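A short worksheet on the structure shown next.
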Amino acid sequence: MTPAARTQAAIELLDAIIASAAAGGAAADTLIARYFATRRYAGSKDRRAVRELVYAAIRHAGPVPASGRAAVLALADSDIALADSFDGSAHGPAPIEPAEPRAAGGVAPAWLVAALDRSGLTEAQQAALIDRAPLDIRVNSLATTREAVLAEWPDAVPTPLAPLGLRLPSGTPVEQSELYRAGLIEVQDEGSQLVGAALAAKPGEWLVDLCAGAGGKTLQIGAAMDNRGALLACDIDRARLQRLAPRAERAGVTIVESRLLNPGREREMLADWAGKADGVLIDAPCSGTGTWRRNPEARWRLTPDRLDRLRAMQAQVLSVGAGLVKPGGRMVYIVCSLLDVEGRDQVDAFLAANRGWSVETPTMGTPHGAGHRLDPATHGTDGFFVACLRAPC
């Protein structure tokens with residue numbers, strides 16, 4: 001592909017990503033994969049160059065751009081080579097007109113920036129939310145040690161905070177490695193490892209991962225339990241939960257029972273666990289503001305109405321989780337968001353409505369209300385809020 005053809009491809013992809021964000025459709029990664037699946041003439045260098053341009057344009061544009069062309073033009077104003085690729089050739093974009101609209105830069109749409117401001121994030125903390133994320137893995141303690149993996153993977157470095165984490169060069173094909181195929185490692189951000197460890201899982205306990213998804217934290221908990229005890233992984237998303245079984249088999253986690261829940265019937269479907277769990281992990285559905293480094297177009301998908309729906313879901317899962325905890329047991333509430341309405345405010349409301357519950361302090365992050373926060377600028381991790389709660393005896 002010529003440079004002009006690469007630029008045109010990026011514009012077309014951005015148009016599709018903008019439309020998909022508005023409609024709640026497929027994510028950018030999926031759209032890019034589909035695009036190149038029907039364009040076999042594009043080589044690996046072409047695909048990489050187009051992908052990098054697409055994501056550079058997404059990261060630059062805070063508000064939703066008017067078009068893919070406007071998003072790329074915003075970059076072309078400071079990139080002569082990119083501007084030259086608007087050459088009007090057969091497969092390239094039309095020449096640039098001086099008065100054409102450009103996408104506005106920034107961290108996010110204005111209403112979201114205001115919400116981040118109200119949540120106490122500085123400009124530097126907000127800007128770091130759209131940086132590129134590092135590639136972190138978690139060593140499976142059931143099968144090996146961090147030192148053993150380092151010996152096999154010399155370009156890895158230990159993560160500074162998570163004791164089983166390693167950081168790899170960006171672009172490392174982790175899932176093609178023998179270490180991954182053998183179940184010795186899992187791809188997991190260091191922050192995710194830290195908040196998952198906040199449950200302090202121990203062998204022999206009865207534990208619940210209430211919003212397990214595909215099971216990343218479930219596998220972490222199972223390894224910490226050394227495959228002794230009972231571990232229930234639940235979710236309302238069948239497709240995501242079905243990914244857990246093959247992952248658990250690869251990782252050698254044998255104590256997991258998965259349970260698909262119907263929305264609104266969670267208490268009924270978990271009645272056999274009511275008041276029995278030593279601990280419950282709630283990685284609640286959220287806006288994902290803390291994961292914009294990995295999914296920057298998510299800033300364009302979030303709306304005030306969707307945020308309100310997520311807040312209602314978070315309050316619901318907190319209530320369901322509390323009903324599973326035995327007297328004196330514990331519950332860890334996590335959101336990969338830095339918005340107070342999803343983190344600090346949710347826990348404050350729960351504590352006000354559930355007298356007798358107390359707060360414990362995790363050994364991570366920065367204190368924030370009844371919990372702690374991790375953020376990219378301060379800790380080099382994805383953004384999280386985590387609160388450790390103790391049920392009354």
Side-chain angles (χ1 to χ4, degrees), residues 1 3 5-7 9-10 13-14 16-17 26-37 39-61 71-72 75 79 81-82 85 127-140 144 146 148-162 164-193 214 216 219 243 247 250-251 288 290-299 336 376-377 379-383:
M1 298 173 72
R6 289 175 174 176
T7 300
L13 277 166
L14 284 160
I17 290 165
D29 271 352
T30 300
L31 294 173
I32 293 170
R34 290 174 183 171
Y35 184 90
F36 284 116
R39 291 163 175 81
R40 300 292 185 181
Y41 56 82
S44 60
K45 290 183 179 179
D46 295 320
R47 294 193 298 271
R48 183 166 55 253
V50 172
R51 180 185 176 87
E52 288 178 355
L53 179 53
V54 166
Y55 274 102
I58 292 173
R59 291 180 194 281
H60 177 270
V72 178
L75 300 180
D79 186 332
L82 181 57
S85 71
L129 293 175
I130 53 173
D131 285 346
R132 289 178 177 268
L135 175 56
D136 295 342
I137 60 174
R138 176 181 57 80
V139 173
N140 180 5
T144 188
R146 184 159 74 169
V149 174
L150 276 170
E152 294 289 330
W153 222 328
D155 54 352
V157 296
T159 49
L161 302 174
L164 291 173
L166 292 172
R167 187 154 292 167
L168 297 171
S170 295
T172 301
V174 175
E175 295 185 4
Q176 299 174 24
S177 70
E178 184 55 38
L179 291 172
Y180 180 85
R181 294 192 186 101
L184 305 184
I185 57 172
E186 291 286 338
V187 177
Q188 189 177 15
D189 174 72
E190 181 180 25
S192 180
Q193 296 178 45
L219 300 182
R243 293 165 54 193
R247 294 182 70 189
R250 181 174 54 81
T291 64
W292 286 349
R293 300 189 304 172
R294 302 174 193 282
N295 307 291
E297 85 275 10
R299 299 129 71 213
C336 51
H379 308 100
T381 68
D382 285 350

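What you see is a predicted model; the values in this text were computed from it and never measured.
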Which atoms form the tightest heavy-atom contact between [X] and [Y], and what is the distance?
X	Y	value
L150	A156	CD2-O, 3.3 Å
T7	S85	OG1-OG, 2.7 Å
A28	I58	CB-CD1, 4.5 Å
A16	L31	O-CD1, 3.7 Å
W153	T172	CZ2-CG2, 3.5 Å
S170	A133	OG-O, 4.3 Å

Return yes if some donor-acceptor pair links the side-chain N/O of [X] with the main-chain N/O of [Y] below 3.5 Å, else return no.
X	Y	value
R293	D131	no
T381	G191	no
S177	P173	no
Q193	Q188	yes
D46	M1	yes
D382	T291	no
N295	A298	no
E190	L161	yes

Please report the interatomic distance [atom1]([X]) to [atom2]([Y]), rounded to the nearest 0.5 Å.
X	Y	atom1	atom2	result
S44	F36	OG	CZ	11.0 Å
E297	R59	CD	CZ	9.5 Å
I130	W292	CD1	CH2	8.5 Å

- Item | Derivation and outcome, side chain to side chain contact (heavy atoms under 4.5 Å, CB included), residues L135 and V187 | CA-CA 8 Å; L135 175 56; V187 177; 4.3 Å; yes

- Message: Just by distance, no angles: are the side chains of D29 and Y55 close enough, under 3.5 Å, to form a donor-acceptor pair?
- Response: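 The criterion, which ignores hydrogens and geometry beyond distance, is satisfied for Y55 and D29.
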
- Message: Tell me every residue that passes side chain to side chain donor-acceptor pair (under 3.5 Å) with R146, counting only those two or more places apart in sequence or in another chain.
- Response: none

- Of all pairs that satisfy salt bridge (charged side-chain N to carboxylate O under 4.0 Å, His left out), the ones with a partner from residues 177-187, not counting sequence neighbours: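 For residues 177-187, and leaving out neighbouring residues, the salt bridge (charged side-chain N to carboxylate O under 4.0 Å, His left out) pairs sorted by first residue read E186-R247, E186-R250.
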
Is the closest side-chain heavy-atom distance between [X] and [Y] below 4.5 Å?
X	Y	value
R294	D189	yes
R6	P3	no
V54	I17	yes
L75	L53	yes

- Task: Give the intermediate values and the outcome of side chain to side chain contact (heavy atoms under 4.5 Å, CB included) for residues I137 and Y180.
- Result: CA-CA 10 Å; I137 60 174; Y180 180 85; over 6 Å; no

- Query: Do the charged groups of R167 and D136 touch, with an N to O distance under 4.0 Å?
  - Reply: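 Judged by the 4.0 Å cut-off on N to carboxylate O distance, R167 and D136 do form a salt bridge.
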
- In sequence, state the C-alpha distance, the side-chain angles, and the governing distance for I185 and N140, and then conclude on side chain to side chain contact (heavy atoms under 4.5 Å, CB included). CA-CA 5 Å; I185 57 172; N140 180 5; over 6 Å; no

- Message: So, using salt bridge (charged side-chain N to carboxylate O under 4.0 Å, His left out) as the criterion, who are the partners of R299 when residues are at least two apart?
- Response: none

- Message: Between V157 and L166, does the side chain to side chain contact (heavy atoms under 4.5 Å, CB included) criterion hold? Intermediate values first, please.
- Response: CA-CA 5 Å; V157 296; L166 292 172; over 6 Å; no

- Task: Tell me whether the guanidinium CZ or amine NZ of R39 lies under 6.0 angstrom from the six-membered ring centre of Y35 and within 45° of its axis.
- Result: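 Geometry flag: set, cation within 6.0 Å and 45°.
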
